[in-house]
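Just so we're on the same page: letters track the sequence lines, and every chain starts at 1.
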There are 2 protein chains.
Amino acid sequence: MAEDQLSRAFTALADPTRRDIVARLSLGDATPGQLAEPFAMSLQAVSKHLKVLEEAGLISRTRDAQRRPCHLETAVLDEMTAWVDRYRRNAEERFRRLDAVLAALAEDEEQDQEETAQQDEGVASS
Amino acid sequence: MAEDQLSRAFTALADPTRRDIVARLSLGDATPGQLAEPFAMSLQAVSKHLKVLEEAGLISRTRDAQRRPCHLETAVLDEMTAWVDRYRRNAEERFRRLDAVLAALAEDEEQDQEETAQQDEGVASS
DNA sequence: GTTGTTCTCAACCAATCGGTTGAGAAGGAA
DNA sequence: TTCCTTCTCAACCGATTGGTTGAGAACAAC
């Protein structure tokens, strides 16, 4: 996926109104008028939001007389989760390995302490 | 998760520089100086990006003398995939059901056509 | 102490964003 | 045709964004 496409997708979902629209569209296609209804803003503002979502590839629009029904496209949503998951996995795998190393070190430490304790029998610790 | 926290997270990842930083940090902690090195911009600019990432909860910062090592936090990444996946699943489940309905309709249609063909034997179609 | 390194803060600037209003295109209904 | 509905486009406005430079805080090293 092109870099700026991913930027557009994240930018699109950064706005709460646009996330609400995506949530609504996940339940079924809807016209701009229907989508604008729950919001305290003009139809033109919603129309702008739909343009942003369309340019991000998150929705597509068909035609039905004057109406322009909007349809949620899932491909870009897939790309977004793929990106986020990739680096989340990177980090978590790294933490897992680090934990293993720390656990091994802790075991060595325990071993060392036991040996030291044997050597230092009867000597007060500082 | 708070609504504006999610907005901050998506806003943070909307910028390519910040996505690069997250990718880099997924491989291991790093200081602002190390993170700024590959970019053709000032350290101050990178410092601002780190502030955005920190306020989104995507990174945390500790202290090591003058250095402020950055650490990737995966919790918010989880929240982001959870959000995206929720509505992707909604939509895909809906498409799956729609496909089933259409398949059923197509079968009925076939049935109807067979019956009509029997009734209309020898009659030219209009 | 002074010096050098690392990093953040403050002020500024051009560009973008999210809303507004007004105009008009596209198409069904009277 | 004329009206009404639905929607987009264009221009504008204030707030935010992503960069800059300059100043200075915090700390190690000398």
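- Lys51(B) has no carboxylate O lying under 4.0 Å from a charged side-chain N of Glu54(B), or vice versa, which leaves the two without a salt bridge.
- One N or O on the side chain of Arg18(A) and one on the backbone of Thr11(A) form a donor-acceptor pair closer than 3.5 Å.
- Distance CZ (Arg8(A)) to P (dC17(C)): 11 Å, rounded to an integer number of Å.
- The nearest whole Å value for the distance from the NE2 atom in His49(A) to the C1' atom in dT16(C) is 14 Å.
- Straight-line distance from the CG atom of Asp15(A) to the C1' atom of dG19(C): 11 Å, rounded to whole Å.
- Out of dT20(D), dT20(C), dG19(D), the shortest distance to the side chain of Ser42(B) is found at dT20(D).
- Rounded to whole angstrom, the span from the CE atom of Met41(A) across to the P atom of dC17(C) amounts to 16 Å.
- Looking at heavy-atom distances under 4.0 Å, Ala65(B) makes contact with sugar-phosphate atoms alone, never a base.
- Between Arg97(A) and Glu93(A), at least one side-chain nitrogen of the basic residue sits less than 4.0 Å from a carboxylate oxygen of the acidic one, meeting the salt-bridge criterion.
- Comparing Lys48(A) and Arg63(A) along DNA chain C, the residue whose closest nucleotide (by nearest heavy atom) sits nearer the 5' end is Lys48(A).
- A salt bridge does not link Asp20(A) to Arg24(A): none of the charged nitrogens lies less than 4.0 Å from a carboxylate oxygen.
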Listed pairs, N/O of protein and of nucleotides 2-9 of chain C, under 3.5 Å:
residue: dT5(C); atom: O2; partner: Gln66(B); partner atom: NE2; Å: 3.4
residue: dC7(C); atom: OP2; partner: Gly33(B); partner atom: N; Å: 2.8
residue: dT8(C); atom: OP1; partner: Arg61(B); partner atom: NH1; Å: 2.4
residue: dT8(C); atom: OP2; partner: Ser47(B); partner atom: OG; Å: 2.7

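- Aromatic ring pairs are classed by plane angle as parallel below 30°, tilted from 30° to 60° and perpendicular above 60°; the pair Phe10(B) and Phe10(A) is tilted.
- Rounded to whole Å, the distance from CG on Asp4(A) to P on dT16(C) is 14 Å.
- In this entry the distance linking CD of Glu55(A) with P of dG18(C) reads 12 Å, nearest Å.
- Rounded to whole Å, the distance from CG on Asp64(A) to C1' on dA26(C) is 13 Å.
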Walk me through whether Arg86(A) and Ser26(B) qualify under side chain to side chain donor-acceptor pair (under 3.5 Å). CA-CA 9 Å; Arg86(A) 174 175 171 189; Ser26(B) 79; over 6 Å; no
